[in-house]
Q: 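My structure is below; once you've seen it, I'll send some questions.
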Amino acid sequence: MKNIAVLGISGSVGDSTLKVLRRFPGNFRLEAFSVHSNLQKAEECIREFQPKLVCITGSNIDAKSLGTSLGNTKIIYGSEGMEEIATLPTVDVLVTAVVGAIGVKPTIAAIQAGKDIAIANKETLVTFGPLINELLKNSRSKLVPVDSEHNALFQLLEGRKPESIRSIILTASGGSFRDFPLERLQNVTVKEALNHPTWSMGPKITVDSAGLINKGLEVMEAHYLFGYDYDSIGVVIHPQSIIHGLIENTDGAIEAYASHPDMIFPIAHSLFYPETVPQLLIESKPFSWKNLEFREPDSNRYPALELAYRAGRAGGSSTAVFNAANEKACELFLQEKIPFLAIPKLLEAALDSIPTEFPAEIDGYLDVDRRARSFVESHYSKYIKGGISC
Ligand code: NDP
Ligand code: MG
C-alpha cells in the first residue's frame, strides 16, 4: 500500500488520478490533497477517501467555511499548506497536478524531504529546471513524469545507455486549430480554442496545445528530465494521439510507445513505479491502428514552437521568461482581452526584452518570472483586437 498526496485534485489530472486510486483501492490510499477554489470537490473527496490532511490554497475568505476538520481530516488554508502536504512523513508519492509555476515551492520541499514525485506540473520544471536538477543530485527523491509524452519516453529510455540514443521525439496532436485555414487564426474564439480534438484537459493546457506552446514547454521539460540537448529533441504532429513518444537509436531504428489518449495510463504507471501496472486500464475500447498520420509542424501555424527552442537553447532564465510570459498571455486570451495570435507575439517580445540570466537561487528565478509577467501586463494593449500588431 502506497500513500499518495495530490496537489490540485480538483483539476483534470487530479480527476484522472482519482480514477486510478478508485481502480486500485488495495494498492493506494489518498493521504492528502489540495484544491484551490473547488470546495465542493474537496468535500466530496474528504468524504470518499478520508485523507489525513487537506489544504485549500485559494485566498477567498469563504474557503474557511469548511472549518478546520471534517471527520478525521485536518483542513488547512493558504498556499504554504501545499509544502506541508508535500512533506507529510506518511506520504510516499506526491502527484503535482496544479497548473503553473506556483507548484515550485512544494516540489522543492518534496525533493528536500526525499519524496518520490509523479510530476504533471510542467511549468515548474520549465521555470526552475536547472535548480530542480541541482537539488535532485543531493536527494533520494525520484521524478517520474506524468505528462503522457514524457512518461512514454521515460519508459522507452529506461535501462538504455544515453550514448545508444540519437534523438527523442515527442508527438503533438496539433491542437484545436490544426485543420483551420491559416487566415481563420486571426479571429478564433476562446470556445474554439478549448475544443481539443483528442485530449480532455484543463483550459490553460488546452490553449497552450492550440499554438503548440504546450509542445514547446514539453521540449524544455524533456530537456530537464532526460538531459538531451535541444538538437536531439524532435516534435512530430500525430493527430490521433495514439503514439506519445519515440526514441531514435544510434543505428537509425525508431521505437515508439502507444496507448489510448487517456491520462490514466501515465498516472497509473507513475504511481506504481517501479512496479508494473497489474491489470488492464481500459477494457471496453478496442485499440485502433487505422489511419495513423504523422507530419512536420508548420512554423507559420505554430510560430511559438521555434521560440521555445530559442528560449531552451539560451538556457538559464530564458525558459522561465517563456513560461511566465505565456502564463500571463494565456490568462489574457482566456479573459478575451487579446486575440489568439497575440500570444506568440508577446512571447517573442518578452524574450527579446528580458536578457538571459543564470540565477543560483530560487529568488533569482522568481524575479525573472515576475518581470516576464509584468512585461506582458504592460505591453499587451498593443496587441488587442484591431490593434496595430495583430
Ligand atoms: P486544471 O486547470 O484542470 O487544474 C488545475 C488544478 O490546479 C486545480 O486543482 C486547481 O484548483 C489548481 N490550481 C489552480 N490555480 C492554483 C493556484 N494558484 N494555487 C494552487 N492550486 C491552483 O489543469 P490540468 O489538470 O489540465 O493541468 C495540471 C498540470 O498538469 C499543468 O501543469 C498541465 O500542464 C499538466 N498536464 C496536464 C495534462 C492533462 O491532461 N490535463 C496532461 C499533461 C500535463 P481549483 O480547481 O480548485 O481552483
Ligand atoms: Mg503532454
Side-chain angles (χ1 to χ4, degrees), residues 6-20 33-45 54-60 62-63 66 76-83 85-86 95-107 117-127 144-154 169-175 194 196 198-209 212-222 225 235 238 241 243-245 257 259-267 270 323 326-327 330-331 334 373:
V6 183
L7 297 178
I9 208 151
S10 43
S12 165
V13 171
D15 210 50
S16 299
T17 308
L18 288 173
K19 287 186 190 153
V20 175
F33 68 79
S34 78
V35 302
H36 190 61
S37 58
N38 193 338
L39 296 187
Q40 193 188 331
K41 188 76 186 176
E43 194 169 346
E44 283 167 19
C45 288
V54 165
C55 173
I56 318 284
T57 52
S59 51
N60 184 346
D62 288 345
L66 274 186
I76 57 176
Y77 295 86
S79 53
E80 312 75 44
M82 289 197 286
E83 287 159 66
I85 286 181
V95 182
T96 59
V98 290
V99 61
I102 189 83
V104 66
K105 286 190 176 161
T107 304
I117 304 176
I119 183 165
N121 176 224
K122 68 188 82 179
E123 296 90 351
T124 284
L125 210 46
V126 166
T127 304
V144 180
V146 165
D147 210 346
S148 55
E149 299 78 1
H150 305 74
N151 185 270
L153 290 168
F154 182 91
I169 301 158
L170 310 161
T171 62
S173 67
L194 293 178
H196 195 281
T198 45
W199 292 97
S200 163
M201 309 183 287
K204 188 220 171 227
I205 184 174
T206 307
V207 171
D208 286 351
S209 297
L212 242 57
I213 287 174
N214 180 50
K215 213 48 52 181
L217 294 170
E218 291 187 357
V219 166
M220 303 169 194
E221 185 185 7
L225 281 168
V235 170
H238 167 45
S241 304
I243 300 215
H244 306 292
Y257 173 99
S259 74
H260 287 291
D262 191 321
M263 288 304 290
I264 63 171
F265 285 90
I267 292 168
S270 64
N323 178 69
N326 178 56
E327 281 193 34
C330 182
E331 186 185 311
L334 284 167
R373 282 169 209 266

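Both ligands and their constituent atoms are indexed starting at 1 by order of listing.
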Q: Assess the side chains of T57 and H36: does a donor N or O sit below 3.5 Å from an acceptor N or O?
A: yes
Q: Which option out of G8, S79, G11 puts a heavy atom nearest to atom 4 (O) of ligand 1?
A: G11
Q: Do I56 and L66 have side chains that approach each other closer than 4.5 Å (heavy atoms only, starting at C-beta)?
A: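 I56 reaches L66 side chain to side chain.
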Q: Just need the protein heavy atom nearest to atom 29 (C) of ligand 1, so name the residue and atom and give the distance.
A: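 The answer is V98 O, 3.4 Å.
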Q: Using a plain distance cutoff, I'd like to know if E123 has any nitrogen or oxygen under 3.5 Å from a nitrogen or oxygen of ligand 1.
A: yes
Q: If you measure only the distance, is there a donor-acceptor pair under 3.5 Å linking the side chains of N38 and Q40?
A: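 Side chains of N38 and Q40: no pair found under 3.5 Å.
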Q: Looking at the Mg ion (ligand 2), which N/O/S atom of D147 is the nearest one?
A: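 Nearest N/O/S atom: OD1.
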Q: Which protein non-hydrogen atom lies closest to atom 42 (C) of ligand 1, naming both residue and atom, and how far is it?
A: M263 CE, 3.6 Å
Q: Quick one: look up the protein heavy atom nearest atom 26 (O) of ligand 1 and list residue, atom name and how far away it is.
A: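 The closest one turns out to be G202 N, 2.9 Å.
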Q: Tell me which protein heavy atom sits closest to atom 48 (O) of ligand 1, plus the residue, atom name and distance to 0.1 Å.
A: S37 OG, 2.6 Å
Q: Just going by heavy-atom distances, which of K122, H196, E149 is nearest to atom 34 (O) of ligand 1?
A: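 Considering heavy atoms of K122, H196, E149, the nearest to atom 34 (O) of ligand 1 sits in K122.
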Q: I'd like to check S270 versus F154 (side-chain heavy atoms, cut-off strictly below 4.5 Å). Are they in contact?
A: no
Q: Just to confirm my output: which protein heavy-atom neighbour is closest to atom 5 (C) of ligand 1, and how far is it?
A: V99 CG1, 3.7 Å
Q: Indicate whether any N or O donor in one side chain lies under 3.5 Å from an N or O acceptor in the other, for K122 and N323.
A: no
Q: At what distance is the nearest protein heavy atom to atom 22 (C) of ligand 1, and which residue and atom is it?
A: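 Answer, as residue, atom name and distance: H36 CB, 3.4 Å.
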Q: Looking only at protein heavy atoms, which one is nearest to atom 43 (C) of ligand 1, and how far off is it?
A: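 Of the protein heavy atoms, D147 OD1, 3.0 Å lies nearest.
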Q: Evaluating non-hydrogen atoms only, which member of A97, S10, A120 is closest to atom 6 (C) of ligand 1?
A: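 Among A97, S10, A120, the closest heavy atom to atom 6 (C) of ligand 1 belongs to A97.
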Q: From D208 CG over to K215 NZ, what is the distance, rounded to the nearest 0.5 angstrom?
A: 10.5 Å
Q: Are any of the N/O atoms on V35, whether in the backbone or the side chain, positioned under 3.5 angstrom from an N/O atom of ligand 1?
A: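 It does not: no N or O of V35 is found under 3.5 Å from an N or O of ligand 1.
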Q: Does T57 approach ligand 1 within less than 4.0 angstrom via side chain, backbone, both or neither, non-hydrogen atoms only?
A: side chain
Q: Is ligand 1 less than 4.0 angstrom away from at least one heavy atom of G14?
A: no
Q: Quick one: which ligand 1 atoms are inside 4.0 Å of a heavy atom on N121?
A: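 What qualifies from ligand 1 is 32 (O).
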Q: How long is the straight-line distance from CE of M201 back to CG of L194, given to the nearest 0.5 Å?
A: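 So the gap between those two atoms works out to 10.0 Å.
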Q: Counting only N and O atoms by type, is there a donor-acceptor contact under 3.5 Å from the side chain of H244 to the main-chain atoms of S259?
A: yes
Q: Which of the N/O/S atoms in E218 sits closest to the Mg ion (ligand 2)?
A: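 The atom in question is OE2.
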Q: Is N38 close to ligand 1, meaning an N/O of one under 3.5 Å from an N/O of the other?
A: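 Yes; the residue has a nitrogen or oxygen that sits under 3.5 Å from a nitrogen or oxygen of the ligand.
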Q: Under 4.0 Å from a heavy atom of P203: give me the atoms of ligand 1 that qualify, with their elements.
A: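 Answer, ordered by atom number: 2 (O).
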Q: Going by heavy atoms in the side chains, are K204 and N326 under 4.5 Å from each other?
A: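 K204 reaches N326 side chain to side chain.
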Q: To the nearest 0.5 Å, how far apart are CD1 in I9 and CG in L18?
A: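 The CD1 atom of I9 sits 4.0 Å away from the CG atom of L18.
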Q: When only distance counts, is V13 in polar contact with ligand 1, meaning an N/O pair under 3.5 Å?
A: yes
Q: Looking only at protein heavy atoms, identify the closest one to atom 33 (C) of ligand 1 and say how far it is in Å.
A: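 The closest heavy atom on the protein side is I205 CD1, 4.0 Å.
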Q: Would you indicate whether the side-chain heavy atoms of L170 and H150 approach each other to under 4.5 Å?
A: yes
Q: With rounding to the nearest 0.5 Å, note down the distance linking CG in D15 to NZ in K41.
A: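 Taking CG in D15 and NZ in K41, the distance rounds to 4.5 Å.
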Q: Using only N, O or S atoms, tell me which atom of E149 is closest to the Mg ion (ligand 2).
A: OE1
